[in-house]
Amino acid sequence: MRFLIRWLPHQHNASVEERATVCELRIEVSERNVCAYRDLDTNKYCKKVVLPAVHLAEGIASNWWKIFGGRDISHRILPWRTGFALPDLSFEFDGARFVVSCRPLETANPALLFFESANERLTRAEAERELRKFVDSVVSKLVKENVNESEVQSAWARIGRTMEDAHEQAFCEAAGALGIDPYAISNADASFIEQSAQLFAHEPLLEFLAGVCVHASCAPGDRVKLLDWIRRLEHRYSSRLPELSAIKEQVNRQFPVDTSPSTETGLGARPWIRGYQAASAFREAIGLTETQTVSVKKVASRLGGARFSRTKAPSEVYAVVARQENDIHVHLRDRGNQMWAKNAETFAFARAIGDAVLSPETPLSIVNRLHKAERQAEGRAFAAEFVAPREVVLGMYQEGRDVDEIAGLLEVNPKIVDHHIENSIRQDFP
């Protein structure tokens, strides 16, 4: 991703900030110029858009902590265009990988067609560097033109000060995960973040808050109840899985965290790859053959949890993983007695085990409905392979069995079977 600016002097826009930052702008995503468009009235092809860059820079600066703190959120730049033409570009961050994507866009007034489609994955450092360069260039141009105290300059200065304080930066990212501007936060929201940080830390904190953010029904009063429920979990003993710690160490020796950068992307292995690999090893470690079906009771028993039980839990939570005194506890939400609920519980239980096996030694972590969050994605990959081994699914599919039949035989949700089949044709899949 690159922002290429050519400033255009002596413009006549009414706003002084706009006059100072009118430019020809090209944005390259995966080396494709996504600002290229065709004027549908004149059939003219253009390689760049002409606009005041200040509004796009202000949008990026004002949403900085939501962009890097949020999970499962796509940040489109179109709301930041303020009447000027821009391509349909969006940013997503899962905690490790920053995805920039652009899709074709046709506008009616003016009649333009942005025809390029592109996707690019970056590390956080790479994404920050390119976004910083763009906003810095806009702020510098404003200063050069003797424009001071604009919104983008104020927002960018606040971010710069925050970057100098690790504690403040962590709070701002947490606010971003909750979908809130940290510089205009209410006392109630600030208190909720601070109380949550007493339970969770680092990425689990952000995924917990992002899960609350995407759960529209989680009102302020429900948030308090959610924290109270989590605090009470340490007194549950029927959640203990005594054998899980040893098996976790065994699997992690076999599949350590991949910290080496990929030669192509600089991002290392995709999260589902290690999840799939570790799940296969975990099944073998607890003595499950590829064709044996999985249930909560069966797996808990093999992990030493003969008295394991589910618990009533708020709807924002599928499971909580806790590490207490060298033991691992999984607090699994009771979803009811219907068949779909049992399948959902089994999958959530497998996700929780995957989190315990694959992720760092954080005291507490959450299993929730987030999809585009690295830790949740890795846990989902583990669970999919654990409850329905890919080779078994593909073997049945090649024999001519349909998705519903395979799902019924393995006692899993048909979506898991579908995903296995879709992933089997991925070029970056092992």
Side-chain angles (χ1 to χ4, degrees), residues 96 203 240-260 262 267-306 308 318-319 321-323 326-330 332 343 345-362 365 367 373-397 406 409-413 416-417 419-424 426 428-430:
E203 186 61 22
R240 182 171 172 261
L241 299 171
E243 306 299 326
L244 183 51
S245 290
I247 298 174
K248 177 201 71 172
E249 296 297 333
Q250 176 184 333
V251 172
N252 273 320
R253 284 194 297 271
Q254 192 173 351
F255 299 104
V257 177
D258 178 16
T259 56
S260 61
S262 162
L267 293 168
R270 295 292 285 147
W272 60 73
I273 296 176
R274 183 166 173 257
Y276 267 61
Q277 293 170 334
S280 179
F282 193 86
R283 282 186 70 103
E284 182 178 349
I286 64 172
L288 280 177
T289 67
E290 282 193 337
T291 56
Q292 283 182 285
T293 59
V294 170
S295 70
V296 172
K297 183 177 180 180
K298 181 188 298 183
V299 175
S301 179
R302 296 189 183 210
L303 295 174
F308 183 87
Y318 296 157
V321 181
R323 293 135 179 107
N326 299 320
D327 272 335
I328 297 175
H329 294 246
V330 172
L332 179 66
N343 288 342
E345 282 178 3
T346 300
F347 193 69
F349 186 58
R351 287 178 61 192
I353 292 172
D355 183 89
V357 169
L358 297 168
S359 296
E361 295 290 346
T362 48
S365 54
V367 174
E374 184 190 36
R375 190 162 176 150
Q376 303 294 325
E378 194 171 62
R380 272 194 172 86
F382 180 100
E385 178 67 8
F386 185 67
V387 302
R390 179 175 49 139
E391 294 303 322
V392 174
V393 169
L394 296 181
M396 290 182 178
Y397 186 69
I406 297 171
L409 290 169
L410 297 177
E411 300 177 10
V412 299
N413 189 305
I416 299 172
V417 176
H419 289 161
H420 274 314
I421 295 168
E422 291 169 5
N423 285 341
S424 69
R426 296 186 69 99
D428 57 353
F429 201 83

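We use all heavy atoms of the structure for the numbers below, so side chains are in, but hydrogens, waters and symmetry mates are not.
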Taking every non-hydrogen atom, the tightest pair across [X] and [Y]:
X	Y	answer
Ala384	Tyr276	CB-OH, 4.2 Å
Ala356	Ile328	CB-CG2, 3.9 Å
Tyr318	Ala348	CB-CB, 4.0 Å
Thr293	Leu410	CG2-O, 3.8 Å
Asn413	Asn343	N-ND2, 4.3 Å
Val367	Ala352	CG2-CA, 3.8 Å

Residues Arg351 and Gln376: side-chain donor-acceptor under 3.5 angstrom: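 A pair is found: one side chain offers a donor N or O, the other an acceptor, under 3.5 Å apart.
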
Side chains of Asp355 and Arg375 in contact at under 4.5 Å (non-hydrogen atoms): yes

His329 side chain near Val321 side chain, heavy-atom distance below 4.5 Å: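 Sidechains of Val321 and His329: no contact.
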
To the nearest 0.5 Å, what is the distance between [atom1] on [X] and [atom2] on [Y]?
X	Y	atom1	atom2	value
Arg240	Leu303	CZ	CG	12.0 Å
Gln292	Thr289	CD	OG1	3.5 Å
Arg380	Ile416	CZ	CD1	10.5 Å
His419	Glu385	NE2	CD	14.5 Å
Arg323	Ser245	CZ	OG	9.0 Å
Glu290	Leu288	CD	CG	11.0 Å

Parallel, tilted or perpendicular: ring planes of Phe349 versus Phe308, cut at 30 and 60 degrees: tilted

Test item: [X] side-chain N/O and [Y] main-chain N/O as donor-acceptor pair under 3.5 Å:
X	Y	answer
Thr362	Ser365	no
Arg274	Glu378	no
His420	Glu391	no
Thr346	Val412	no

Salt bridge Asp327-Lys248, side-chain N to carboxylate O under 4.0 Å: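 No.
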
Lys298, NZ: over 12 other non-hydrogen atoms inside 6.0 angstrom: yes

Phe282/Phe386 aromatic ring centres below 6.0 Å: yes

